[in-house]
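Take a look at the structure below.
All values below were derived from every heavy atom in this structure, side-chain atoms included, with hydrogens, water molecules and symmetry-related copies excluded. All residue numbers in this chain count up from 1 along the given sequence.
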Amino acid sequence: MAKTKPGKKDLDSYPIKGTNKVVRPGDCVLMRPSDSDKPPYVARVEKIEADHRNNVKVRVRWYYRPEESIGGRRQFHGAKELFLSDHYDVQSAHTIEGKCIVHSFKNYTKLENVGAEDYFCRFEYKAATGGFTPDRVAVYCKCEMPYNPDDLMVQCEGCKDWFHPSCMGMTIEEAKKLDHFLCSDCSSEDDAKRSLNAFPVSPSVEAKVEVKRRKR
């Protein structure tokens, strides 16, 4: 069995220097990147440990941004979307810049205001292969794309599906002014029903048709 190195101890928390915030295992944090031009890395703290010299290290599980993944950023990825990877690491606690919140996709879509520290995750990501779990999600609109919470969508009152205004030939401003919306498929069905209702077949006409059929 591997022995714990002498002088190492697990910590319940770590105060972020220069802030009044405290990090605990399970918290999500922003970590300073080696390249100052890049945005901070996002990670989930799994463990906090100090050695006999009181140097504090954190074991983290990295979140990847879409552009850091093998497939790259796609149209349906939100600006604040992250993937929880299977990539673990040990970092100096001094590189922690702040805390953040990584919401579930469902909870993120319910936020009234999205703050700078708010992110969301709907996929787990295998860093070596580029695979995702789940590998399928619901798609919407004629373009059959997963939902991007940054994009406005309108719901059809007929089929209850959601549509991008641009796919329906509308501007976002026009979509915001809508009181009712039917997609092209449902509106054509609605027109067909209206035309039938506008020209009801009278019993006398039906009787004549029936008579003609009998004569044949």
Applying the side-chain contact (heavy atoms from CB on, under 4.5 Å) test to Y63, which of R44, E81, H87 qualifies?
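Answer to the side-chain contact (heavy atoms from CB on, under 4.5 Å) test with Y63 among R44, E81, H87: R44.
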With sequence neighbours left out, write down each residue that passes side chain to side chain contact (heavy atoms under 4.5 Å, CB included) with R32, or none if nothing qualifies.
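Side chain to side chain contact (heavy atoms under 4.5 Å, CB included) check on R32 returns T95, E97.
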Pairs of donor and acceptor atoms involving the side chains of residues 67-79, under 3.5 Å and at least two apart or interchain, shall be tabulated with distances.
from : atom 1 : to  : atom 2 : distance (Å)
E67  : OE1    : R73 : NE     : 3.0
E67  : OE1    : R73 : NH2    : 3.0
E68  : OE1    : R65 : N      : 2.8
S69  : OG     : P66 : O      : 2.6
S69  : OG     : G72 : N      : 3.3
R73  : NH1    : H77 : O      : 3.4
R73  : NH1    : G78 : O      : 3.0
H77  : ND1    : R74 : N      : 2.8

Side chains of [X] and [Y] in contact at under 4.5 Å (non-hydrogen atoms):
| X | Y | result |
| --- | --- | --- |
| C141 | M153 | yes |
| I96 | M31 | yes |
| E117 | K99 | no |
| N55 | S92 | no |
| C100 | V42 | yes |
| K47 | Y88 | no |
| V137 | F123 | yes |
| K126 | T133 | yes |

Check the surroundings of atom CG in D10: do more than 12 heavy atoms from other residues, nucleotides or ligands lie under 6.0 Å from it?
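Yes, because the 6.0 Å sphere around CG of D10 holds more than 12 heavy atoms from other groups.
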More than 12 foreign heavy atoms under 6.0 Å from CD1 of I172: is that the case here?
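No.
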For the side chain of D12 and the backbone of R24, is there at least one donor-acceptor N/O pair under 3.5 Å apart?
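Here the side-chain-to-backbone pair does not exist.
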How many angstroms lie between OG in S104 and NZ in K110, if you round to the nearest 0.5 Å?
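Those atoms lie 8.0 Å apart.
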Quick one, F163 with M170, criterion side chain to side chain contact (heavy atoms under 4.5 Å, CB included). Give me CA distance, side-chain angles, the key distance, then yes/no.
CA-CA 11 Å; F163 295 86; M170 290 185 289; over 6 Å; no
Below 30° counts as parallel, above 60° as perpendicular, anything between as tilted: where do the rings of F120 and Y108 land?
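Rings of F120 and Y108: tilted, 30 to 60°.
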Classify the angle between the aromatic ring planes of Y14 and H94 as parallel (below 30°), tilted (30 to 60°) or perpendicular (above 60°).
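Because their plane-to-plane angle is over 60°, the rings of Y14 and H94 count as perpendicular.
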Side chain to side chain contact (heavy atoms under 4.5 Å, CB included) evaluation trace for C183 with F181:
CA-CA 7 Å; C183 70; F181 170 69; 4.3 Å; yes
Salt-bridge criterion met for E46 and R61 (N-O under 4.0 Å)
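So E46 does not pair with R61 through a salt bridge.
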